[in-house]
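Note that the structure is predicted; figures quoted are calculated from it, not measured. In what follows, every heavy atom counts, from backbone to side chain, and hydrogens, waters and symmetry copies are set aside. A note on names: the letters A, B, ... follow the listed sequences, proteins ahead of strands, and every chain is numbered from 1.
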Number of protein chains: 4
Amino acid sequence: MTRQPRKRPRQARSRATVETLLEATTRVLVDHGFEKTTTNRVAEVAGVSVGSLYQYFPNKEALIGALVEVHFTRMRALFASTLAAVADGPLPLAARALIEAVMAGHREHPDLHRVVLEQLPRLGIQAERDGFDAFAVPLIASYIERRRADLRPADAHLAAWVLMRTLQPLVHAAVLRGPEFFADPAFIDEATALVVGYLAPVGEI
Amino acid sequence: MTRQPRKRPRQARSRATVETLLEATTRVLVDHGFEKTTTNRVAEVAGVSVGSLYQYFPNKEALIGALVEVHFTRMRALFASTLAAVADGPLPLAARALIEAVMAGHREHPDLHRVVLEQLPRLGIQAERDGFDAFAVPLIASYIERRRADLRPADAHLAAWVLMRTLQPLVHAAVLRGPEFFADPAFIDEATALVVGYLAPVGEI
Amino acid sequence: MTRQPRKRPRQARSRATVETLLEATTRVLVDHGFEKTTTNRVAEVAGVSVGSLYQYFPNKEALIGALVEVHFTRMRALFASTLAAVADGPLPLAARALIEAVMAGHREHPDLHRVVLEQLPRLGIQAERDGFDAFAVPLIASYIERRRADLRPADAHLAAWVLMRTLQPLVHAAVLRGPEFFADPAFIDEATALVVGYLAPVGEI
Amino acid sequence: MTRQPRKRPRQARSRATVETLLEATTRVLVDHGFEKTTTNRVAEVAGVSVGSLYQYFPNKEALIGALVEVHFTRMRALFASTLAAVADGPLPLAARALIEAVMAGHREHPDLHRVVLEQLPRLGIQAERDGFDAFAVPLIASYIERRRADLRPADAHLAAWVLMRTLQPLVHAAVLRGPEFFADPAFIDEATALVVGYLAPVGEI
DNA sequence: GATGAATGAGACTTCATTCAT
DNA sequence: CATGAATGAAGTCTCATTCAT
């Protein structure tokens with residue numbers, strides 16, 4: 001029911017336990033899949049008793065939820081800092097940089113990411129609102145807004161949403177196709193062309 | 001394990017049973033969600049015994065799988081016939097027609113489709129690729145190939161894949177946002193712009 | 001409940017069906033083991049509908065029971081005729097002949113025999129009374145009785161029972177050890193020594 | 001699949017639970033037979049939840065297997081100590097002592113033993129060999145070896161195997177015939193005669 | 001007589017969660 | 001705070017048997 005951690009760990013030991021539990025959850029999720037991820041198994045892998053798990057997470061949902069939150073927190077930071085760095089440069093460079101940043105973010109733990117993304121609907125989380133979109137779409141929208149003169153879209157927010165809902169799955173699909181495909185520069189060229197062609201189809205910039 | 005129907009119904013009676021079971025699955029899935037969709041409940045709603053369910057579907061997965069298959073079969077037919085009809089016209093019209101066709105395909109049973117789309121990952125990532133991409137990507141690739149002179153992409157197959165992995169999630173996201181958003185013509189405009197901008201950014205056609 | 005065939009097949013076709021069903025039962029039993037022997041599978045292998053199976057056998061027990069009965073009928077005939085042939089010769093030859101006869105009887109379908117013997121307790125059949133012992137023990141007892149002067153045992157019936165309960169499992173164990181062991185003449189020598197040593201330990205005959 | 005206990009009980013409480021479960025299994029097996037012995041019924045009789053049962057036994061087979069193992073462990077100890085005690089005395093006394101020991105081992109819980117013996121084939125033919133033969137045959141073989149001068153058999157190992165595969169079923173058959181027969185001293189006389197006649201038919205010892 | 005679809009009780013097993021120690 | 005034994009509702013699936021066609 002609740003999806004907040006039952007209590008904020010104040011002591012160092014508690015924080016360590018929580019950390020260990022999240023890592024164990026990751027491993028079990030990646031190794032065995034969601035269906036076989038039981039709280040008992042997670043506790044065992046974490047080297048902790050089930051009771052302790054329930055000390056920090058009121059239920060299974062909260063456990064997975066915390067993991068998802070970690071993922072999104074990392075991605076938000078990555079995205080925001082990259083955008084800030086390239087916001088004033090030419091569009092093609094900015095697009096390419098953002099795409100590469102997101103791909104880099106997934107390259108680290110592709111298995112975990114797949115499993116996390118697959119579980120979003122099940123957690124009743126509106127990925128769009130609670131996850132990443134709610135954070136990234138406004139950023140992109142204001143970027144488009146600022147450059148409105150050079151870009152095609154009339155509705156900056158809608159365009160930002162379209163880009164998000166387009167690029168994210170594209171990157172995920174690329175991740176899932178495996179590292180050989182992933183490393184192919186042709187793919188990044190095409191993704192960049194998609195963004196640029198959508199925002200500035202006449203090639204003004 | 002298996003996801004094939006256990007046996008083909010031969011008599012009229014059993015064909016009706018299979019039909020009833022699929023309808024019941026749809027209803028239970030829509031009303032209660034995947035987690036609460038049990039074989040017993042489906043059988044009960046279908047007014048049939050569990051045993052009969054297992055006569056035709058070796059397990060729960062096969063039941064959902066059959067539903068997904070029905071969905072994909074319809075979509076493939078819809079996609080192929082629409083593409084055939086617009087393949088010789090101007091690109092923007094073709095793009096718009098295809099997008100509208102796919103959206104129309106989802107408009108019929110939006111609840112069912114939402115639930116089917118949410119279950120795809122669980123049925124194996126292959127589902128999407130095998131179900132639709134393997135069918136649609138070659139069609140699009142040959143379309144691009146034929147018009148290679150007018151279009152930007154060098155690698156027709158890669159471009160077709162990018163479009164598939166881009167548009168499909170975009171449409172799905174739109175479906176999941178609900179009917180109000182779905183009805184907005186601005187969304188179709190933007191999706192069309194995405195395709196056109198990607199394939200012919202300088203607007204030759 | 002009942003263990004009698006539901007009705008005696010009078011027509012040729014019926015007799016053929018019963019025959020086919022028994023053969024199918026044998027094959028399924030040997031190939032899949034008792035646990036996986038279902039009436040539906042037997043009917044399928046027999047190329048007959050389950051309904052037809054129940055036309056001739058009131059329940060599963062009766063089906064297996066009929067098979068067991070066939071086995072015992074063959075063995076009884078084999079045993080009786082062999083004993084009749086050697087009853088008047090020297091004990092060691094008689095013993096050896098009987099042992100070899102029983103072994104020959106098992107050599108034909110060792111898998112079937114194993115499975116039949118394993119199922120005896122489950123069928124609630126007192127192997128000793130209904131199966132083979134009730135038939136063979138009196139025969140052996142009367143053999144001992146007739147030669148009482150030359151043999152050790154005081155209680156012919158008890159001795160016959162001991163021999164039965166001794167040799168039968170010994171032969172079965174030999175069958176289960178496989179054909180290499182089975183073919184070893186040393187084994188038959190030992191089994192013969194067992195019988196002779198028991199009946200006439202001082203070697204008078 | 002597995003027939004090993006799922007986890008070793010560490011606390012006193014859990015050891016008690018395992019004990020209770022085995023006793024309950026015994027009772028249910030004796031009262032209702034194998035077919036009607038369900039894990040739920042066993043748990044209920046044990047006054048424990050099914051979950052607890054599955055905490056210690058991965059499946060029904062393992063439960064029965066544990067019972068059988070207890071039986072064999074007792075029998076092995078009984079057999080080894082008896083043989084050690086009589087190994088240096090005269091053969092007839094040794095034979096009689098061993099037979100009586102094994103019978104005494106069965107006399108304690110005849111119902112349980114009957115049911116265990118009936119289930120052996122179902123648990124895999126290996127059970128007998130692994131459970132007892134692999135242990136007892138070498139012991140008997142070395143006994144024969146040591147007295148090779150006084151005994152008939154040339155191949156000590158073969159003779160030991162023949163004796164095992166002969167006496168064990170004989171005792172079991174006696175157990176299954178019920179206590180009246182069991183108590184008859186004439187039976188033990190005959191069994192002893194069987195062993196002595198086989199090993200030393202000329203009666204030297 | 002034959003067919004085979006349908007039945008449904010009941011078997012085995014899992015796992016999130018609690019609570020005595 | 002930690003432990004881990006215990007819980008038990010609930011889920012998936014099987015199969016002997018029946019009966020309408």
Spacing between D:Phe57 atom CZ and E:dC12 atom P, to the nearest angstrom:
15 Å
Does A:Tyr56 make a side-chain N or O approach to OP1 or OP2 of F:dA2 shorter than 4.0 Å?
yes
Which atom pairs, one a donor and one an acceptor, fall under 3.5 Å between side chains of residues 39-47 of chain C and the rest of the protein, sequence neighbours left out?
residue, atom, partner, partner atom, Å
C:Arg41, NE, C:Lys36, O, 3.2
C:Arg41, NH1, C:His32, NE2, 3.3

Could you pull out the closest heavy-atom pair between D:Ala62 and D:Phe57, with the gap in Å?
O-CD2, 3.9 Å
For C:Gly51 and D:Gly47, take the nucleotide of DNA chain F holding the closest heavy atom to each; which residue's nucleotide lies nearer the 5' end?
D:Gly47
My understanding is that only residues two or more places apart in sequence, or in another chain, count here; which of them pass side-chain contact (heavy atoms from CB on, under 4.5 Å) with A:Val70?
A:Leu22, A:Arg74
Among all residues two or more places apart in sequence or in another chain, which pass the side-chain contact (heavy atoms from CB on, under 4.5 Å) test with C:His113?
C:His71, C:His106
Rounding to a whole Å, what distance do you find between A:Phe34:CZ and E:dA16:P?
9 Å
Between B:Glu35 (CD) and F:dT12 (P), how many Å, whole number?
10 Å
For C:Glu19, salt bridge (charged side-chain N to carboxylate O under 4.0 Å, His left out) partners two or more places apart
none
B:Glu19 CD to E:dA5 C1', in whole Å, measures 17 Å
Side-chain N or O of B:Thr17 closer than 4.0 Å to phosphate OP1/OP2 of E:dA6:
yes
Ring-face cation contact, B:Phe34 with B:Lys60, 6.0 Å cut, 45° max:
yes
Does C:Ser52 make a side-chain N or O approach to OP1 or OP2 of E:dT3 shorter than 4.0 Å?
yes
Under-4.0 Å side-chain N/O to phosphate OP1/OP2 contact, D:Tyr54 with E:dT14:
no
Distance test, side-chain N/O of C:Ser49 to OP1/OP2 of E:dG4, below 4.0 Å:
no
Sub-3.5 Å donor-acceptor pair from the side chain of B:Ser52 to the main-chain atoms of B:Val48, do we have one?
no
Quick check for you: among E:dT17, F:dA6, F:dA9, whose closest atom lies nearest to any side-chain atom of D:Val50?
F:dA9
D:His32 NE2 to E:dG10 P, straight-line distance once rounded to whole Å
13 Å
Distance, rounded to the nearest Å, where D:Leu53 contributes CG and F:dA9 contributes P
16 Å
Are B:Val28 and B:Thr38 packed together at the side-chain level, in the sense that at least one heavy-atom pair is separated by less than 4.5 angstrom?
no
Rounded to the nearest angstrom, tell me the gap between atom NZ in C:Lys60 and atom C1' in F:dC15.
8 Å
Intra- and inter-strand pairing of DNA chain E, written as dot-bracket with Watson-Crick and G-U pairs under 3.5 Å and | for the latter, reads .||||||||||||||||||||
What residues in residues 38-46 of chain D put a non-hydrogen atom under 4.0 Å from any atom of DNA chain E?
D:Thr38, D:Thr39, D:Asn40
Are side-chain N/O atoms of C:Tyr56 and C:Ser14 paired as donor and acceptor at under 3.5 Å?
yes
Could you walk me through whether C:Thr37 and C:Leu63 pass side chain to side chain contact (heavy atoms under 4.5 Å, CB included), step by step?
CA-CA 11 Å; C:Thr37 297; C:Leu63 189 63; over 6 Å; no
Name the residue closer to the 5' end of DNA chain F, choosing between D:Val48 and B:Lys36 according to the nucleotide with the nearest heavy atom.
D:Val48
In whole angstrom, give the distance that lies between atom CD of B:Glu61 and atom C1' of F:dC13.
14 Å
